[in-house]
Amino acid sequence: MNFHPEKLPQERLAALAEDAKRRLAAKRRADLPRIIIGMATCGLAAGASETRAAFEQALAEQNLEALIIPVGCLGHCYAEPLVVIENPGFPPIAYHSVTPGKAKALVKSFLAEGDPLFEYVLAALEENDLLPSIADFPRFYLEQRVVMEKCGSIDPADLKEYLSRGGYAGLVRVLGLPPGEIVGVLSESGLRGRGGAGFPTGAKWELARKVEGSKKTVICNADEGDPGAYMDRTLLESNPHQLLEGLAICAYSVGAADAVVYVRAEYPLAVKTISRAIAQAEQANLLGKGILGANFDLEVKVFQGSGAFVCGEETALIESLEGKRGMPRFRPPYPVEHGLWGRPTVINNVKTLSTVPAIIEKGAQWFRTIGTPNSPGTAIFSVVGNVTRPGLVEIPMGTTLRTLIFEICGGIPRQKQFKAVQIGGPSGGCLPESLLDTPVDFDSLTRAGAMMGSGGLVVMDEESCMVNVARYFLDFTQNESCGKCTFCRIGTRHLLNILDRITKGEGREGDLELLETLGRDIKEGALCGLGKTAPNPILTSLKYFRSEYEAHIREKRCPSMMCRALTAYYIDPDKCARGCEACVGCCPVDAIFTAKGRKKAIDQGLCVKCGECVVSCPPEYDAVKRVSPAHLAPVVERPK
Amino acid sequence: MVRLTVDEKEIEAEEGQNLLQVCLENGITVPHLCFLEGMENSPASCRLCFVEIEGMDCPVPSCQTVVHDGMVVNTQSPAVRHLQRSALQLLLSAHRVDCSDCPANKRCALQQLAKLLGIPLKVKHLESLAGEVDTRMGHPLLAYDAGRCVLCGRCLYACAKHQEHPLLTFVRRGFSTRVDFKGKTDPAELPCLACLACVEICPVSALGFAGKTLGAA
Amino acid sequence: MKMDRARSDPWQTEEEAESDAVSAVLAGREKHRKNLIPILQEIQHKLGYLSEAAMEAVAEHLSISHSEVYGVASFYNQFRFHPPGKHQIKVCLGTACHVAGGGIILENFERKLGVKAGETTADREFSVERVACVGCCALAPVAVVDEAVEAHIAPSRIEGIFLGFQRQKEQQEKEVREGELSS
């Protein structure tokens with residue numbers, strides 16, 4: 001990189017961007033087709049590497065030239081491996097579920113012969129006369145991408161891509177401004193922390209800026225622990241430089257020279273991507289000493305979290321950075337005054353920091369035009385569970401849950417009924433059908449008894465048992481409790497044990513009242529946010545789905561037939577096809593045997609209730625049935 | 001100096017002091033386990049020292065509250081007592097209540113707290129979570145009864161105060177958290193025999209000498 | 001196992017090799033408490049677990065007690081105190097995986113191998129773990145077998161996974177035999 005000490009940061013960045021564009025153009029000939037493959041963790045899990053290899057092989061076989069560009073994640077997880085092909089003369093077209101076979105077919109038919117294979121098309125990315133474009137699908141047009149704008153369209157391993165699209169312009173702009181003014185813009189924008197609680201970001205930065213102390217630290221919290229949320233991982237894997245830009249803007253505004261990105265070690269690709277991005281940015285003088293010639297130094301380090309959900313809590317995170325057990329400290333003092341090594345420390349979530357560059361670039365007023373007055377901007381949700389098109393969705397705050405689940409994500413698959421949506425992970429709550437018109441923003445969700453939390457959203461159909469799901473979350477918090485304070489350590493253990501009994505049919509009268517009183521005490525008495533919110537999944541499901549709990553306790557019946565101790569499988573002899581062996585082969589415990597008349601039956605003593613036989617029984621027979629309570633299943637003796 | 005009102009009694013305190021310390025110095029009883037007088041930064045983990053402060057919407061732990069002028073404190077409000085009883089019942093539910101076999105009998109912190117808060121030692125509405133007696137520990141000179149321990153952390157505090165490199169630590173986490181030791185097992189190489197501050201300070205006799213059973217004092 | 005089996009000295013014992021690996025990690029790290037967790041991570045990356053001897057060496061390097069090192073290490077899910085199996089199976093029990101039957105998948109692995117989550121088979125071939133979330137929620141239920149993510153895994157797929165390992169092992173043994181014959 002050429003060094004021009006006399007130039008202003010703007011000029012230096014312009015030179016960098018120009019250079020990036022030139023090199024990209026040299027690397028990527030404009031006349032060649034481009035095959036853009038989503039290769040973030042979920043793409044890879046769905047087989048993106050095999051797909052890429054198939055493209056390479058097919059190109060070689062057909063003796064064709066094309067550019068293969070690996071990118072991050074577009075958020076359409078249901079369609080992975082997702083491939084976009086830009087073939088000159090055609091609009092860019094997105095293809096879904098591109099298996100190696102489809103990859104070969106696309107090379108042969110589309111690249112060689114000009115037939116875009118309509119049957120594999122998800123949508124064209126631009127409006128055109130040939131085929132439907134993304135503007136025709138609610139999954140695209142109801143979204144509004146601010147933070148994820150470049151995710152899935154740039155190569156996260158290449159700083160040049162981010163630079164050529166105007167990256168780091170926000171940082172350059174702030175380098176010429178007094179820090180107070182930048183914090184003012186943030187406050188005016190109304191941005192609230194995306195980590196869950198929604199504390200105003202501007203106010204946090206203002207506190208940090210004003211606090212005395214020469215050595216301040218900025219931490220990006222990427223210890224995404226909610227077991228159903230993965231947007232932070234996606235942002236790290238798909239657009240790491242946007243985060244680094246936000247981090248640098250934050251550090252400059254509050255007067256910090258040290259920054260840490262705290263990432264879960266369970267996200268190896270994210271660790272690799274962000275580490276590489278830091279090295280690239282340092283090389284380009286976008287981080288490090290005298291950034292772009294300005295009087296601003298920032299050293300950024302990556303720290304890998306070692307697997308403790310509680311370390312998402314900011315004081316526990318600090319403890320672990322200091323090499324201690326990750327047990328939360330009492331607040332106040334808040335980290336802004338007394339944080340890492342006792343220094344003033346600002347901790348912001350990945351999404352918060354990734355939003356910052358856009359606000360700086362486009363202004364606070366622009367940001368306020370998106371979302372609601374109290375929660376401006378967009379929210380990113382990972383919508384998973386029983387939903388037709390799961391994935392990451394970025395929507396303006398204030399969109400209703402109904403729009404999000406039914407219009408954008410396609411509703412419930414397999415003609416099942418919607419039952420509940422769990423928002424906010426282990427700290428959040430389950431909301432019923434009647435609350436589907438709740439707009440998603442910090443305050444509305446809190447009023448409904450859930451919370452924005454990390455943005456994990458799990459949709460559940462009629463076959464999901466609310467007691468079972470509450471038990472699942474308590475099992476999680478119980479495993480992840482740090483054990484420091486009495487209420488969380490012992491209180492959540494009691495909650496879990498009670499739920500455990502209920503799901504096993506050993507519930508007692510009085511259990512529900514005990515869950516409620518104990519839950520309320522824990523909420524009030526626990527030391528940190530993890531403990532204080534741990535009872536939420538129980539308290540909300542008790543509020544909205546009490547009859548399900550009662551059915552478990554009084555009738556020993558699981559209405560959704562999910563609790564295995566209360567459910568049994570049997571084979572309806574009137575429907576079972578003579579001689580069919582489909583279920584026998586798939587049973588992992590050999591519980592299925594041939595009864596009278598060459599029909600099949602299940603040995604209730606051996607059955608582990610995994611449900612494989614239901615899946616394997618051909619739909620035209622549909623002979624495997626479930627019942628609850630379990631004793632209703634007819635008993636068939638196994639012939640000696 | 002600041003002036004504050006605790007339970008309708010006016011008291012004076014030094015600026016920057018924590019409320020629990022001030023209460024104790026003025027003879028006002030506030031239940032507590034993890035805090036020790038003179039402690040700089042209380043872990044605030046036992047969740048017993050709650051008090052109600054005028055102007056705040058819910059009870060707060062007094063060990064982490066700094067006194068200020070004009071503060072009005074109630075140490076015995078129904079909300080405070082409810083939380084304290086709830087916390088103590090949780091601790092008791094995870095504690096093996098076998099007082100007649102316990103060396104701490106009659107001087108046990110849990111007995112005193114139960115008496116103060118007016119609850120029985122056996123908690124009826126919660127099942128017992130205390131495990132079987134198992135006093136094995138990595139330390140060659142100490143025995144540790146997890147079924148008695150309330151994880152107040154006093155032993156760790158005492159150890160850190162007396163030894164340059166603390167020998168005791170919390171291990172594991174969550175409900176499995178316990179106090180343990182790792183390292184050299186030759187008693188001659190350990191400073192412990194001359195110290196035993198941890199055994200001394202344990203409020204429930206969960207720590208004692210190895211060799212002797214914990215049952216007999 | 002990540003342990004480098006190709007030792008320069010063929011007579012070196014496993015303990016000595018481990019000790020050398022630990023020394024190499026420590027040599028590159030500043031003696032500061034903040035490095036405790038990164039050091040432990042690096043050692044586990046090299047040895048596959050944290051041995052008593054390794055933790056003692058770390059304690060000495062950082063001038064803290066062995067107790068403190070173990071207290072910190074035992075707090076975090078990531079650290080293991082026993083050598084793991086040759087193949088590591090991690091079953092995701094995140095929310096989406098739970099709703100999609102991740103628990104049943106875990107049970108099937110446990111039943112097939114005769115061990116519980118967190119344990120290693122007696123022949124040191126396999127270890128099974130439960131993990132909180134690998135972030136592939138849209139592909140639930142998910143298991144990570146060695147490095148590969150198995151998406152939408154069904155109980156019947158588990159048989160196939162082990163069959164694959166069986167084949168692989170047989171193939172390797174065959175190659176070894178053939179190698180011996182030819183030499």
Side-chain angles (χ1 to χ4, degrees), chain A residues 41-42 44-47 77-78 80 224-230 233-234 265-267 303-309 311 320-327 341 382 384-386 390-391 422 425-426 456 458 460 464 469 472-473 476 479-480 482 564 585-586 588-589 608-612 615-616, chain C residues 32-42 44-45 62 64 68-69 71-79 90 92-105 107-108 111-112 130-140 142 144 147-152 154-159:
Chain A
T41 298
C42 33
L44 292 174
C77 304
Y78 61 94
E80 298 284 4
E224 187 171 52
D226 170 357
Y230 53 98
R233 188 207 72 205
T234 300
E266 289 93 327
Y267 287 171
F303 187 93
Q304 294 186 45
S306 312
F309 175 67
C311 289
S320 82
L321 278 175
E322 292 180 356
K324 299 185 201 147
R325 294 163 57 84
M327 302 199 290
W341 310 112
S382 56
V384 297
N386 306 123
Q422 211 283 346
V458 184
M460 286 174 279
S464 300
V469 169
Y472 164 78
F473 280 112
F476 179 84
N479 267 315
E480 296 296 336
C482 79
R564 285 190 279 159
C586 77
V589 289
V608 292
K609 302 167 188 178
C610 69
E612 271 296 275
V615 180
S616 68
Chain C
H32 192 292
R33 176 76 187 245
K34 71 176 179 202
N35 286 327
L36 175 55
I37 292 172
I39 288 173
L40 294 176
Q41 285 170 335
E42 205 179 326
Q44 174 152 308
H45 186 73
L62 298 177
I64 53 179
E68 272 188 90
V69 175
V72 171
S74 65
F75 183 87
Y76 296 97
N77 289 342
Q78 192 189 13
F79 297 117
K90 294 177 189 144
C92 179
L93 289 180
T95 315
C97 288
H98 171 77
V99 174
I104 292 168
I105 301 300
E107 265 179 37
N108 271 278
R111 186 167 44 240
K112 179 81 194 158
R130 47 184 288 177
V131 290
C133 184
V134 292
C136 299
C137 307
L139 307 168
V142 165
V144 184
E147 301 291 299
V149 178
E150 291 275 345
H152 298 299
S156 45
R157 165 80 186 119
I158 290 162
E159 202 71 32

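By convention in this document, chain letters (A, B, ...) are assigned in the order of the sequence lines, proteins followed by strands, and residues within each chain are numbered from 1.
When heavy atoms are compared at a cutoff of 4.5 Å, A:S320 approaches chain C by way of both its backbone and its side chain. Residue contact with chain A, scored on non-hydrogen atoms closer than 4.5 Å, is absent for C:R157. Only the backbone of C:V134 comes within contact range of chain A, judged by heavy atoms closer than 4.5 Å. Looking at A:C311, only its side chain comes within 4.5 Å of chain C, counting heavy atoms on both sides. With a 4.5 Å cut-off on non-hydrogen atoms, A:V589 touches chain C through its side chain but not through its backbone. Proximity to chain C (any heavy atom under 4.5 Å) is restricted, for A:Y267, to the side chain, taken from C-beta onward. Heavy atoms closer than 4.5 Å to chain A are found in both the backbone and the side chain of C:A132.
Heavy-atom pairs under 4.5 Å with chain A were tallied for C:V149, C:I105, C:N77; the largest tally goes to C:N77. Between chain A and the residues C:L36, C:I104, C:N35, the largest count of heavy-atom pairs under 4.5 Å involves C:I104. Comparing C:A96, C:P38, C:C137 by how many heavy-atom pairs each has under 4.5 Å with chain A, the most go to C:C137. For the set A:G391, A:S616, A:C610, the count of heavy-atom pairs under 4.5 angstrom toward chain C peaks at A:C610. With respect to chain A, the highest number of heavy-atom pairs below 4.5 Å among C:G103, C:S156, C:A151, C:P155 belongs to C:P155. The residue among A:V469, A:V608, A:L44 with the most heavy atom pairs within less than 4.5 Å of chain C is A:V608. Taking A:G385, A:C482, A:G225, A:G585 one by one and counting their heavy-atom pairs under 4.5 Å with chain C, the maximum is reached by A:C482. Of the listed residues A:G456, A:P588, A:G47, A:C586, the one with more heavy-atom pairs under 4.5 angstrom with chain C than any other is A:P588.
Using a 30° and 60° split on the angle between ring planes, A:W341 and C:H32 fall in the perpendicular class, above 60°.
Listed by chain and residue number, A:E322 satisfy the side chain to side chain donor-acceptor pair (under 3.5 Å) test with A:K324 (two or more places apart in sequence, or in another chain). Remark: A:A229 pairs with A:E224, A:D226, A:M231, A:S382, A:S454 by the side chain to side chain contact (heavy atoms under 4.5 Å, CB included) rule, at least two apart or across chains.
At distances below 3.5 Å, at least one donor-acceptor pair connects side-chain atoms of A:Y472 with backbone N or O atoms of C:L93. For C:Q78 (side chain) and A:A265 (main-chain N/O), no donor-acceptor pair under 3.5 Å exists by modelled atom type. Judged by distance alone, with hydrogens and angles left aside, the side-chain atoms of A:Y230 form no donor-acceptor pair with the main-chain N or O of C:C136 at under 3.5 Å.
In this structure, A:G326 and C:Y76 approach most closely via the heavy-atom pair N-OH, 3.1 Å. Residues A:R325 and C:S74 approach most closely at NH1-OG, 4.1 Å, considering heavy atoms. Taking both residues in full, the closest heavy atoms of A:M327 and C:F75 are given as CG-CE1, 3.8 Å, listed atom of the first, atom of the second, then distance. Of all non-hydrogen atoms in C:L139 and A:A45, the two that sit nearest each other are CD1-CB, 3.4 Å.
Interatomic distance, C:I37 CD1 to A:F303 CZ, rounded to the nearest 0.5 Å: 4.5 Å. Taking CD1 of C:I158 as the reference point, atom CD of A:E612 lies at 8.5 Å (rounded to 0.5 Å).
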Apply the test side chain to side chain contact (heavy atoms under 4.5 Å, CB included) to residues C:R130 and A:N479: give CA-CA distance (whole Å), side-chain angles for both, the deciding distance (0.1 Å), then the verdict. CA-CA 11 Å; C:R130 47 184 288 177; A:N479 267 315; 3.5 Å; yes
Quick one, A:E266 with C:C133, criterion side chain to side chain contact (heavy atoms under 4.5 Å, CB included). Give me CA distance, side-chain angles, the key distance, then yes/no. CA-CA 8 Å; A:E266 289 93 327; C:C133 184; over 6 Å; no
With side chain to side chain contact (heavy atoms under 4.5 Å, CB included) as the criterion, how do C:V99 and A:N386 come out once you've worked through the C-alpha distance, each side chain's angles and the decisive distance to 0.1 Å? CA-CA 8 Å; C:V99 174; A:N386 306 123; 4.0 Å; yes
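Ion pairing between C:E107 and A:R564 holds under the 4.0 Å rule for side-chain N and carboxylate O.
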